[in-house]
Each structure stands twice: as C-alpha cells, then as structure tokens.
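Here is the structure we will look at.
Just so it is clear, the model here is predicted, and its values are computed rather than measured. Letters A, B, ... mirror the listed sequences (proteins, then strands); counts begin at 1.
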Amino acid sequence: MEDQGRLLQALSGVTLTGHSVQGTLGLEPPHIHDSIDRDERKQDIGSILHQIMTITDQSLDEAQAKKHGLNCHRMKPALFSVLCEIKERIGLSISGAQEEEPADAQLMRLDNMLLAEGVAGPEKGGAAAVAAAAAAAVGGMTDNSIEHTDYRAKLTQIRQIYHTELEKYEQACTEFTTHVMNLLREQSRTRPISPKEIERKVNIIHRKFSSIQMQLKQSTCEAVMILRSRFLDARRKRRNFSKQATEVLNEYFYSHLSNPYPSEEAKEELAKKCSITVSQVSNWFGNKRIRYKKNIGKFQEEANLYAAKTAVTATQAVAAAVHNGQDTSPATPNSGFQMKDEDFQLDAGDSKNSLLTTMFTGGYHTPYYESDSIQ
DNA sequence: GCATATGATTTGAT
DNA sequence: ATCAAATCATATGC
C-alpha cells in the first residue's frame, strides 16, 4: 500500500502527506482538495516536468549507450548479415526478379539520331557555322547559305539547351544519389540495409533519372526534326543545278550511254566539276537513267546534241585515226543503252523524230563514244 | 495557273 | 551498298 501510494502521488501530482490512503481513493470529502494551495500545485507540476525532462534525457542517453553497446557487440555483424539476408529473400519473393529494359533500344535510337544531327557528341557547331560563312563569302551558293547558317544557329541553340538540361539532370541525379546513399548508409547502422540493397536503390534512382533524360532526348529529337523539315528538306528548297553542271553531267551520260554508271572516282570528278556532291551526282544519274529509259524518244534531240558535242571534241582523234587508215564507220549513240540487269534497246516506234530514229537506230552495237567516228 | 522539268526521297530488290 | 522505280515537292516555262 505504501508503494502504491507513492506511485499514485507521483502520477497525480497531489501531495498525500498526512492523509490516509483512503483519501487518495476518493473516500475523503471533496472540500479537502479545494483547500490545497494553488502555488503548491504549480510547484509540483514544475518538479514533475523537470523529472520528465530528466527521464527523457536519461533514457536517450541510455538508449544511445545501449545502441552503441549493440553496435559494438561481437555478434552484431553476423546478426546484421543474417537480417539482411532474410530481408533480401523476402524482398525477392515479393517483387520477384523483374528486369525491365525495353526502353534501352529506343534510347539508343535517340542517342544515335542526336549524334547524327550533331546535337550530341563533340562540339562542331561553331566551326561548321564559320565554315558555312566562309563558303558564303567565297560565293557560289548565296541564297542557300543564309538559310543554312540560320539553320546552324538554331541547331546550336537547341544543342546548348540540350546540354545545359542534360548537365542539370546529371547533377541532380548525382546529388540525389549521394544524398540517398548517405541516408541509407546512416540507417544501415540501425536497420538491416545491405550494400546490395543500397546499390539497388541507386539503380532505381538512375533509372528514374534516365527516363527523364530520355524525355529530354525525345523532345530534342522532335525539335531537330521540325527544324530540319523547315530548313533542310531539300525537296522544299530544291534548286536546279547550274546550266554548266547539267551540261557536264549530260555529256558524261550520253558519252557513256551503253553503261551510264559512273564509278565512284568518276562521280567524284563529276561532282567536283559541277560543284555538287557525289550523292547529287548519283541522284542525277539515277533520275537520268530512269527518265531516259522511260521515254527515249523525248531525249533524242538532247542525245544528238551531246553526241555532236563530243563528236567535235573527238574530231582530232578521228582525224588522226583516218590518217592512220583506221575504221571510222558511224556508230549509234542510243542503240546500246543498257540498264543494270537489263538490255534496253531503243524501239523505233518510241521515237517521235523519224529522221533521228533512222539516223540512230542502225543496229550497231558499238557505242558512238567508243568509236572514232564523226557523224 | 497549269503542264512539264527536275532534284530528292522512299521503297524494295539484289 | 547500289540500283530501279515510284513518288514527292519545288522550279520553270508558257
């Protein structure tokens, strides 16, 4: 009863000194309570608060001490690893081994595209812009270069934004990762968190951030595409080749009519002569071949023109040949036209020009350019 | 304004 | 990779 009394005293904050236990049990008349001094009660509350504070401090210290003791316990590492293992197993059995890497291919595609467009990869925008400006200054393509530099400038802009954003993301990712890692490492002193789990969590963070990066890449790609279609779609801004370039190309075409497939070297030379690209030469020959084949009649006049042209240049050689007593019998410019995997012979009926048809449909197989003849 | 010419691109085959 | 063929989109000439 004595013990109980003290305990109750401590808990209720009412001094029971001089009163019987019955009093604390509510057997005392109530008016006695009212008579207790208010100051005295305040003092009691203060002392209890103090006690509580002290207790809290003590228990914190105690807990800290206990924790430290546990941490230093020789069995702690073993216990920790066992707990980690158990946790690992539970985690695996719940979530299973779900590996999801479907976005990888798309990410690669985006990366490749950005690299191809010059948005990612080594810095070259400035140099290219300078080169373009220089080309413009030299001359040649005056109206084209302005748009091209404009395009370059916009591309550089996109590139800059892309890189700043990417850097920001990377920085945020590293920051967040280190923060989480520190947190987990700190917690691993009191919770079973294995390094493996930390690694996994870090991976999750990286995945999240890389998905954000992918969004950035995606929108950058879109921007570049729009820019391209606005500025670089050659079909929209097509310019005919110069008369001189067409001349050179036609000369080659009609003088190689039996095999109008310039080699890589020939293409390069033609490109240089015409100040166009090799692929433009390829395009031109591709178009020419198909269009010539489709309607040889339409091209008769042109063929004659260039045949005559080359004939003139060949005159000297012919003269020499005649002088040497060689055969100079006429050949036909278009009779031997040959497409790949196909022998294409001119049908006389196709031609609208009967004179030229009779002139050039002689059944000779020797292309005119290979003979030393003049018409 | 329209028909044709022409350079570029796409597609599918080899 | 290169080509033929079809197609697109602009240029040009009338």
Side-chain angles (χ1 to χ4, degrees), chain A residues 109-110 112-119 128 132 135-136 139-152 154-155 221-307 309 333-347 350-353 356 367 369:
Chain A
R109 247 186 38 232
L110 289 173
N112 285 338
M113 197 205 142
L114 289 172
L115 210 63
E117 292 301 331
V119 175
M141 41 155 192
T142 34
D143 52 334
N144 200 354
S145 62
I146 291 163
E147 278 173 25
H148 195 257
T149 44
D150 202 5
Y151 167 79
R152 271 279 154 211
K154 291 228 189 298
L155 192 66
C221 273
E222 269 168 38
V224 171
M225 290 295 251
I226 290 164
L227 191 68
R228 261 181 91 80
S229 70
R230 281 266 286 285
F231 285 89
L232 280 196
D233 190 345
R235 287 201 285 205
R236 288 181 205 286
K237 301 277 169 201
R238 189 176 68 75
R239 295 271 176 278
N240 287 355
F241 295 155
S242 71
K243 200 127 177 113
Q244 193 189 347
T246 318
E247 199 115 318
V248 171
L249 293 167
N250 271 317
E251 249 170 60
Y252 188 98
F253 180 78
Y254 286 110
S255 63
H256 295 73
L257 210 49
S258 74
N259 186 35
Y261 298 89
S263 63
E264 196 57 36
E265 297 82 60
K267 277 182 195 171
E268 273 165 31
E269 204 185 316
L270 284 167
K272 206 168 139 192
K273 265 197 219 170
C274 303
S275 33
I276 56 176
T277 66
V278 173
S279 77
Q280 282 179 303
V281 172
S282 298
N283 282 342
W284 191 91
F285 273 87
N287 283 323
K288 191 73 184 181
R289 277 192 301 265
I290 205 75
R291 281 160 187 168
Y292 179 84
K293 181 193 155 185
K294 260 189 172 170
N295 192 355
I296 291 178
K298 202 170 73 181
F299 288 93
Q300 278 302 294
E301 214 171 326
E302 193 177 79
N304 292 335
L305 197 83
Y306 284 100
K309 223 173 222 187
N334 48 19
S335 63
F337 179 66
Q338 234 175 337
M339 297 271 280
K340 260 224 149 91
D341 295 341
E342 174 180 11
D343 226 345
F344 193 89
Q345 296 284 343
L346 169 65
D347 182 356
D350 271 357
S351 178
K352 305 274 189 294
N353 188 327
L356 288 168
Y369 66 90

Whole Å only: how far is the [atom1] atom of [X] from the [atom2] atom of [N]?
| X | N | atom1 | atom2 | answer |
| --- | --- | --- | --- | --- |
| A:Arg239 | B:dA8 | CZ | C1' | 14 Å |
| A:Lys243 | B:dG7 | NZ | P | 11 Å |
| A:Lys340 | C:dA1 | NZ | C1' | 10 Å |
| A:Ile290 | B:dG12 | CD1 | P | 16 Å |
| A:Phe241 | C:dA11 | CZ | C1' | 13 Å |
| A:Asn287 | B:dT11 | CG | C1' | 15 Å |
| A:Phe253 | B:dG7 | CZ | P | 13 Å |

Where DNA chain B forms stems, i.e. three or more consecutive Watson-Crick or G-U pairs with both distances under 3.5 Å: B:1-14 with C:1-14

Residue-level proximity of residues 261-285 of chain A to DNA chain B when a heavy atom falls under 4.0 Å: A:Gln280, A:Asn283, A:Trp284

Heavy-atom pair of closest approach, residues A:Phe241 and A:Gln280: CE2-NE2, 3.5 Å

Salt bridge (charged side-chain N to carboxylate O under 4.0 Å, His left out): pairs with one or both residues in residues 240-250 of chain A, sequence neighbours excluded: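 Those involving residues 240-250 of chain A are A:Glu247-A:Lys309.
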
Short side-chain N/O contact from A:Lys293 to OP1 or OP2 of C:dA5, under 4.0 Å: yes

Under 3.5 Å donor-acceptor pairs involving side-chain atoms of residues 263-276 of chain A, not counting sequence neighbours:
| from | atom 1 | to | atom 2 | distance (Å) |
| --- | --- | --- | --- | --- |
| A:Ser263 | OG | A:Ala266 | N | 3.2 |
| A:Lys267 | NZ | A:Ser282 | OG | 3.2 |

A:Phe299: which of A:Tyr306, A:Phe337, A:Tyr292 passes side-chain contact (heavy atoms from CB on, under 4.5 Å):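 Of the listed residues A:Tyr306, A:Phe337, A:Tyr292, the side-chain contact (heavy atoms from CB on, under 4.5 Å) partner of A:Phe299 is A:Tyr292.
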
Show the atom names and distances, to 0.1 Å, of all donor-acceptor pairs under 3.5 Å that link a side chain in residues 283-291 of chain A to residues at least two apart or in another chain.
| from | atom 1 | to | atom 2 | distance (Å) |
| --- | --- | --- | --- | --- |
| A:Asn283 | ND2 | A:Ser279 | O | 3.4 |
| A:Asn287 | ND2 | A:Asn283 | O | 3.3 |
| A:Lys288 | NZ | A:Asn250 | OD1 | 3.1 |
| A:Lys288 | NZ | A:Glu302 | OE1 | 2.5 |
| A:Arg289 | NH1 | A:Pro260 | O | 2.8 |

Would you tabulate the pairs of protein nitrogen or oxygen atoms and nucleotide nitrogen or oxygen atoms of nucleotides 2-5 of chain B closer than 3.5 angstrom?
| from | atom 1 | to | atom 2 | distance (Å) |
| --- | --- | --- | --- | --- |
| B:dA5 | OP2 | A:Lys298 | NZ | 3.4 |

Sugar-phosphate, base or nothing in reach of A:Arg291, heavy atoms under 4.0 Å: base

Minimum side-chain heavy-atom gap A:Tyr254-A:Leu257 below 4.5 Å: yes

